[in-house]
**Student:** 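There's a structure below that I have some questions on.
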Amino acid sequence: MNIKIFKNSDEASQAVFELYKNKKEEGATVFGLATGSTPEKLYQLMSDSDLDFSESTSINLDEYVGLGSEHPQSYAYFMNQHLFRHKPFKESHLPNGLAKDLDQETRRYDEVIANNPIDLQLLGLGSNGHIGFNEPGSSFDSQTQHVQLTESTISDNQRFFSSEEEVPKEAISMGIASILSAKEIVIMAFGLNKAKAVKEMIQGPMTEAIPASALQQHRKVHVFLDEKAASLLD
Ligand code: F6R
């Protein structure tokens, strides 16, 4: 893992933005994208830049079950607000949270990933070590899956909803094997509440109890941290 530590999240996001610029210049066309608060600054930098994604493809990690793209807390809505309405892609893929047959939807999404091998996958890190919505205990062999969110993720995500009852309890997520199939991976983590998960991801044993520790087996992972998230590293 290639680990970079910055004074704050703004400086880290600027560095990730530079990496995206370089990768695009080198010919990357398929970008795996994430939602959540961590990539917001990166998406703002992309939106304000002269980067052109009109010939690129995006594939998002996950979507809540039960929320359609018009719902303000859906990840489809988030992506439109933060990136796609400013920088349209040629094709943008997200799991369909309203799919009637969720198993069929996971298979459809695996085909999307198989047909569009991801050049650069962006990840945030859950405070419990999740990547995508692959919660602790997820198999490292998992493809796209229908998942139940853990109590810790539901409570972390409550800040985006008016009450905990409103937070969806299920999601469709790219699996850990799907994530590891990307040619290159960027994971960002900011703030003290990520420090323990960061340490376990990088310096702990590789274990399904910490989904992000699976990244230790990938050849090309860039980790971008602020000082707080890096504070427990040896
Ligand atoms: C989002 C996702 C999640 C988040 C993680 C961190 O698409 O897959 O794994 O990256 O929960 O969320 P934030 O950035 O809100 O701390």
Side-chain angles (χ1 to χ4, degrees), residues 8-10 12-13 16 31-44 58-65 67 69 71-84 92-97 106 109 113 118 120-138 142-161 164 167-180 182 185-198 200-201 210-215 221-226 228-230:
N8 55 48
S9 57
D10 278 359
S13 302
V16 177
F31 297 94
L33 298 178
T35 58
S37 46
T38 307
E40 279 185 20
K41 178 74 187 179
L42 171 65
Y43 292 156
Q44 188 198 322
S58 68
I59 304 185
N60 261 81
L61 280 169
D62 41 19
E63 180 59 283
Y64 287 123
V65 167
L67 303 193
S69 59
H71 191 291
Q73 299 308 336
S74 72
Y75 285 167
Y77 191 94
F78 174 101
M79 290 308 301
N80 276 326
Q81 288 297 112
H82 290 273
L83 188 61
F84 298 154
S92 283
H93 301 278
L94 278 111
N96 175 8
T106 59
Y109 214 62
I113 298 163
I118 295 173
L120 188 60
Q121 175 66 54
L122 180 66
L123 299 173
L125 177 66
S127 63
N128 65 359
H130 74 209
I131 47 176
F133 271 142
N134 298 290
E135 299 284 37
S138 287
S142 49
Q143 305 291 331
T144 306
Q145 50 181 350
H146 169 206
V147 296
Q148 309 293 322
L149 304 182
T150 59
E151 284 305 319
S152 90
T153 296
I154 292 167
S155 103
D156 280 353
N157 289 354
Q158 194 195 320
R159 66 191 194 281
F160 299 112
F161 294 81
E164 189 164 322
V167 187
K169 311 291 185 285
E170 297 167 45
I172 301 172
S173 176
M174 268 168 66
I176 295 180
S178 333
I179 291 170
L180 292 175
I185 296 176
V186 170
I187 182 160
M188 305 161 83
F190 306 139
L192 268 185
N193 70 325
K194 302 290 174 75
K196 183 167 171 284
V198 165
E200 290 170 330
M201 164 175 79
I210 306 293
S213 68
L215 300 176
V221 179
H222 309 267
V223 186
F224 288 81
L225 305 172
D226 67 1
K228 289 180 179 153

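Along the sequence shown, residues are numbered consecutively beginning with 1. Order of listing sets the numbers, starting from 1, for every ligand and every atom in it.
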**Student:** Under 4.0 Å from a heavy atom of Leu61: give me the atoms of ligand 1 that qualify, with their elements.
**Tutor:** 8 (O)
**Student:** At a 4.0 Å cut-off, with the gap strictly under it, does some heavy atom of Lys194 reach an atom of ligand 1?
**Tutor:** yes
**Student:** Return the residue, atom name and 0.1 Å-rounded distance of the protein heavy atom closest to atom 1 (C) of ligand 1.
**Tutor:** Thr35 OG1, 3.2 Å
**Student:** Could you identify the single nearest non-hydrogen protein atom to atom 6 (C) of ligand 1 and state the distance to 0.1 Å?
**Tutor:** Leu125 O, 3.5 Å
**Student:** Considering Gly124, Ala34, Gly132, Gly129, which one's heavy-atom position lies nearest to atom 3 (C) of ligand 1?
**Tutor:** Gly132
**Student:** Do Tyr109 and Pro95 come within less than 4.5 Å of each other through their side chains, counting heavy atoms only?
**Tutor:** yes
**Student:** When you measure from atom 5 (C) of ligand 1 to every protein heavy atom, which one gives the shortest distance, and what is it?
**Tutor:** His130 NE2, 3.4 Å
**Student:** Report the distance from atom CD of Glu40 to atom CZ of Phe190, rounding to the nearest 0.5 Å.
**Tutor:** 11.0 Å
**Student:** Nearest protein heavy atom to atom 2 (C) of ligand 1, by residue and atom, and its distance?
**Tutor:** Asp62 OD2, 3.3 Å
**Student:** With heavy atoms of Gly36 as the reference, note each atom of ligand 1 found under 4.0 Å away.
**Tutor:** 14 (O), 15 (O)
**Student:** Measure the shortest side-chain to side-chain distance between Met79 and Leu33 over non-hydrogen atoms and say whether it is less than 4.5 angstrom.
**Tutor:** yes
**Student:** Relative to the ring of Phe224, is the ring of His222 parallel (under 30°), tilted (30 to 60°) or perpendicular (over 60°)?
**Tutor:** tilted
**Student:** Decide whether the shortest distance between a heavy atom of Arg159 and an atom of ligand 1 is less than 4.0 Å.
**Tutor:** yes
**Student:** Is the Phe161 ring parallel, tilted or perpendicular to the Tyr64 ring (thresholds 30°, 60°)?
**Tutor:** perpendicular
**Student:** Applying side chain to side chain donor-acceptor pair (under 3.5 Å) to Glu170 and His146, what does each step give before you reach the verdict?
**Tutor:** CA-CA 7 Å; Glu170 297 167 45; His146 169 206; 2.7 Å; yes
**Student:** Which atoms of ligand 1 have any heavy atom of Thr38 under 4.0 Å away?
**Tutor:** 13 (P), 14 (O), 16 (O)
**Student:** When you compare the side chain of Lys169 with that of Leu149, does any pair of heavy atoms fall below 4.5 Å?
**Tutor:** no
